[in-house]
Number of protein chains: 2
Amino acid sequence: MKKFYAKKDGDFFIFEGEEFNHFNVLRCDVGEEVLCLGTDGNDYLCRVKEVFKKYAVAEIISFEKNTKNPKTNITVFQGMVKGEKIDLIVQKLTELGVSNLYTFESDYTIAKGNNNKLERLNRISQEACKQCGRSKPLSIYDGISFNDMLKMLPEYDVVLFANEKNTNRELVNIAKDKKIALIIGSEGGFSDEEVNKLLSVGVKCFGLGNRILRAETACIAMASIVGYMVGV
Amino acid sequence: MKKFYAKKDGDFFIFEGEEFNHFNVLRCDVGEEVLCLGTDGNDYLCRVKEVFKKYAVAEIISFEKNTKNPKTNITVFQGMVKGEKIDLIVQKLTELGVSNLYTFESDYTIAKGNNNKLERLNRISQEACKQCGRSKPLSIYDGISFNDMLKMLPEYDVVLFANEKNTNRELVNIAKDKKIALIIGSEGGFSDEEVNKLLSVGVKCFGLGNRILRAETACIAMASIVGYMVGV
């Protein structure tokens, strides 16, 4: 069934802007049943009621709880990466069941924050949701500072840090009901001062082996491993 | 240090073809020290001796065993995927320490085998090796049949199958010294007949959760998880 992120309004969903373009591209028409993914965690079965020039309206027939949204809260803090690597990261973290993504600047980041990218990244996550079946996209926050990240870490029960100088592979056991944060550096990695700051607030090192992984590989690998362990 | 896949000839390495182009792009010159990655598992420190019009020669100064090659033999059987997804798979599997990649045709594969891609895929793996530090590239075999794959499976101690109908996440414990095979379907997945054939030869289902992962995401995630478990 065709899936959409339309705007809920009472018993109806309204298709506007990009989502209305998508509606037209998919040749949706009056009478057709479509699935509207609700930001409330429900999937709404709807029937298209009217198609206007700039928007369309569908009426809710029934709804059910989406069962593919993440069951554990995993937040990824990713050092800002260059070019289109962030697109790949957003798509894959959505599929892998991560809930939140913060990108951060650190001493060795080369890429700079681009808030104008945010709309595109949100679209990428929405498209990935449609494909993998979850309804709540990744919540994306672009370009916080390293120190802002440090201040947020006490909110989490478990903080795992992909420290490239630590090849330790001691299997970590993580309870399902914990709030988990994963920290992955940018291409340039972390300065010694930053590593010390992270260790001083009690983050756990997470070794990804002795090969040097690209930033986006480390991010996707870590989300895969931790997601598998906790059954996200 | 600049890294190359040159051809070993006695006490020398010869840079030809693509690798000679690469040599020129990096502006290597006589007297410079470079690292030649040997297919024998050694890294060779060399000094450039002469640069000719179509090739260059470097003399071996010393060598040491490469420590970043995979320590466990993991083979991935990947249903053939469309477009450039295979490039991403080859790059990431190289970084993640997979030893061999077979792509196979099955009932629902849409992509067709392209042996003319093989040279390009080998280059992608070589470049990934230079970046992650391993010296032995992924061994790539493109486009075997589903039945050929079935015949090969008894060679492996453990065969894990990413069965999308199985969301079981029972953590699998795998000994380090085993020969491991991972099977991931193409975009279209497997037919019921194929699933039954796989189960009848004793493969273990490996659940990647209840979201529907893209073929390349399933492949990268599974290699990450299994690689982490066995410390590849």
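Every chain is numbered from 1, with letters handed out A, B, ... down the list of sequences.
- The two residues B/Thr67 and A/Asn210 come nearest to each other via the heavy atoms O-ND2, 2.9 Å.
- When atom types are taken as modelled, the side chain of B/Glu95 and the backbone of A/Arg214 share a donor-acceptor pair closer than 3.5 angstrom.
- In the displayed structure, A/Glu155 atom CD is contacted under 6.0 Å by more than 12 heavy atoms of other residues, nucleotides or ligands.
- Atom NZ of A/Lys2 has more than 12 heavy atoms from other residues, nucleotides or ligands within 6.0 Å.
- By number of non-hydrogen pairs under 4.5 angstrom with chain A, the leading residue of B/Lys71, B/Gln91, B/Met222 is B/Gln91.
- Atom CG in B/Leu88 sits 7.0 Å away from atom CD1 in A/Ile220 (nearest 0.5 Å).
- Contact count against chain A (heavy-atom pairs under 4.5 Å) is highest for B/Gln131 among B/Lys92, B/Arg134, B/Gln131.
- By the 6.0 Å contact criterion, NZ on B/Lys65 is open, its count of non-hydrogen atoms from other residues, nucleotides or ligands being 12 or less.
- When all heavy atoms are compared, the tightest approach of A/Ser224 to B/Ser224 is CB-CB, 4.1 Å.
- When the shell of 6.0 Å around NZ of B/Lys178 is examined, it contains 12 or fewer heavy atoms from other residues, nucleotides or ligands.
- Separation of atoms CG (B/Leu213) and SG (A/Cys132) is listed at 7.5 Å; rounding is to 0.5 Å.
- Taking a 6.0 Å sphere around CZ of B/Phe63, one finds it holds 12 or fewer heavy atoms contributed by other residues, nucleotides or ligands.
- A/Arg211 contributes a side-chain N or O that, together with a main-chain N or O of B/Lys68, makes up a donor-acceptor pair within less than 3.5 Å.
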